[in-house]
Amino acid sequence: MKVYKVASIPGDGIGPEVVSEGLRVLEAVARRDGGFRLEVTGFDWGSDRYGREGSLMPEDGLDRLKSFDAILFGSVGSPAVPDHVTLWGLRLKICQGLDQYANVRPTRILPGIKSPLEGVGQGDLDWVIVRENSEGEYSGHGGRSHRGMPGEVGTEVSIFTRMGVERIMRFAFALARSRPRRRLTVVTKSNAQRFGMVMWDGIADEVAREFPDVEWDRTLVDAMTVRMVRDPRALDTIVATNLHADILSDLAGALAGSLGVAPTANVDPERRNPSMFEPIHGSAFDIVGTGTANPVATFWCAAQMLEHLGEAGAAARLMEAVEGVCAAGIATPDVGGGSSTREVTEAVLDWIGGSNILPTAVGGVGR
Ligand code: NAD
Ligand code: MN
């Protein structure tokens, strides 16, 4: 039997609430499949550790992660610690340290979930946003001097390298080609930003020649927000910089119904290091401890993780269960339901276990 080593980093806020449910669901899928097993190791890295020990993760944290096949991450962020400290101290440290340069964010309207866009239903919005995850605006290059003085300066330098842009572009074109519509939209801001963004456009042209079977176009990021809202059906695969895609994917999550259902994968396409799977949402302080955190984003991440590990069958079964439960109206309040985190999880577990008669079903259930 195949054994995959999974590192679990639940983190802060609702992170632990959704990751624990994600692990239960993964275990059930593995049991049902019979062909593989997951060996999970938990790490208590996050803001509490920062409070106790002065750092979010230990010195040798990255080295320890390298021996795993995949990482399941919850969220990091706490009212007690500034956000730039938590983000750079854990999540970005892992993504950049393990060179997980492709951030892949699928967005679809799941059955039973309503988009805030009128007349846009299931099948009308099916995107994958590819976010450059290693450089750009989040390179960490910059500084601050003359603090507190009238002449105080803060710089935040965006860094775009040929290597970085080429590899993400090639990844995006290849992903677009693997999807039925073979369509890619390259997002930049090359009218106002004349150097890095114009280079980005030029490299898109070059890489496109390697993919003559992919239909592609270019859009400025501001115009892209309009296209996403006005004409969601026209988009398919999207590639953008670290900052632009960060923003666009929150919009995508909202247009698909809720941040609570949106997953993301931080992938090292060359598989030198483990990839990391995490819901897009944050710690959601406003609902911590209420038992209403939507676990669907984490379940979808778990499916992405199984696919990445080569267990496509198990991944598909997990998504089928999640979609079945959503279709049955068993959902948390953020997507208009009345169920708890636990109830949604139990319903998914029941489905995986084979009893597709769901106890608290509202709509019609069954296959
Ligand atoms: P957030 O995603 O935590 O919450 C935004 C809103 O969406 C809140 O109203 C919240 O209740 C709701 N929401 C989010 N996830 C949900 C879920 N699973 N189910 C139901 N509702 C959900 O974003 P925020 O409030 O801007 O940030 C809170 C903290 O999280 C901050 O410290 C921030 O830095 C951090 N954060 C971390 C990550 C990450 O670790 N990747 C991402 C975003 C924000
Ligand atoms: Mn974000």
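Throughout, numbering of the chain's residues begins at 1 and tracks the sequence. Start at 1 and go down the list; that is how both ligands and their atoms are numbered. These numbers come from the heavy atoms of this one structure, side chains and all, not from hydrogens, waters or symmetry mates.
Ring geometry, F173 versus F211: the interplanar angle falls under 30°, so the pair is classed parallel (tilted spans 30 to 60°).
Taking CD1 from I287 and CG from D334, the interatomic distance works out to 6.5 Å, rounded to the nearest 0.5 Å. E278 contributes atom CD, which lies 13.5 Å from atom CE of M305 (distance to the nearest 0.5 angstrom).
Remark: minimum distance from atom 29 (C) of ligand 1 to any protein heavy atom is reached at F285 CZ, 3.5 Å. At the top of the distance list for atom 5 (C) of ligand 1, counting protein heavy atoms only, stands L259 CD1, 4.3 Å. Nearest to atom 21 (N) of ligand 1 among the protein's heavy atoms is I287 CD1, 3.6 Å. Nearest protein heavy-atom contact of atom 1 (P) of ligand 1 is G282 N, 3.5 Å. For atom 3 (O) of ligand 1, the nearest non-hydrogen atom of the protein is A284 N, 2.7 Å. Among all non-hydrogen protein atoms, the one lying nearest atom 14 (C) of ligand 1 is H281 CB, 3.6 Å. Closest protein heavy atom to atom 9 (O) of ligand 1: D286 OD2, 2.8 Å. Of all protein heavy atoms, the one lying nearest to atom 32 (O) of ligand 1 is D83 OD1, 2.7 Å.
Close approach to R91 involves these atoms of ligand 1, each under 4.0 Å from a residue heavy atom: 41 (N). Residue E278 approaches ligand 1 through these ligand atoms, each under 4.0 Å from one of its heavy atoms: 41 (N). Of all the atoms in ligand 1, the ones that sit under 4.0 Å from a non-hydrogen atom of G77 are 32 (O). Remark: ligand 1 atoms within the under-4.0 Å shell around heavy atoms of A293 are 19 (N). Using a 4.0 Å cut-off to heavy atoms of S283, the atoms of ligand 1 that qualify are 3 (O), 29 (C), 30 (O). Ligand 1 places these atoms under 4.0 Å from at least one heavy atom of D334: 19 (N), 20 (C), 21 (N). Taking every heavy atom of G260 and a limit of under 4.0 angstrom, the matching atoms of ligand 1 come to 17 (C), 18 (N).
Annotation: F73 places no N or O atom under 3.5 Å from an N or O atom of ligand 1; distance criterion only.
Around the Mn ion (ligand 2), protein atoms of type N, O or S found under 2.8 Å number 1.
Under a 4.0 angstrom heavy-atom cut-off, I14 registers as being in contact with ligand 1. Within the 4.0 Å heavy-atom cutoff, I280 counts among the residues contacting ligand 1.
With ring centers used as reference points, F68 lies under 6.0 Å from F43.
Residues satisfying the side chain to side chain contact (heavy atoms under 4.5 Å, CB included) test with Y50, not counting sequence neighbours, are L56, V81, V85.
Distance remark: protein heavy atom present below 4.0 angstrom from atom 36 (N) of ligand 1. Protein heavy atoms all stay at least 4.0 Å away from atom 25 (O) of ligand 1.
For N294, heavy-atom contacts with ligand 1 shorter than 4.0 Å involve the backbone as well as the side chain. Contacts with ligand 1 closer than 4.0 Å are made by heavy atoms of both the backbone and the side chain of V76.
Residues R91 and T86 have side chains that never bring a donor and an acceptor to within less than 3.5 angstrom of each other.
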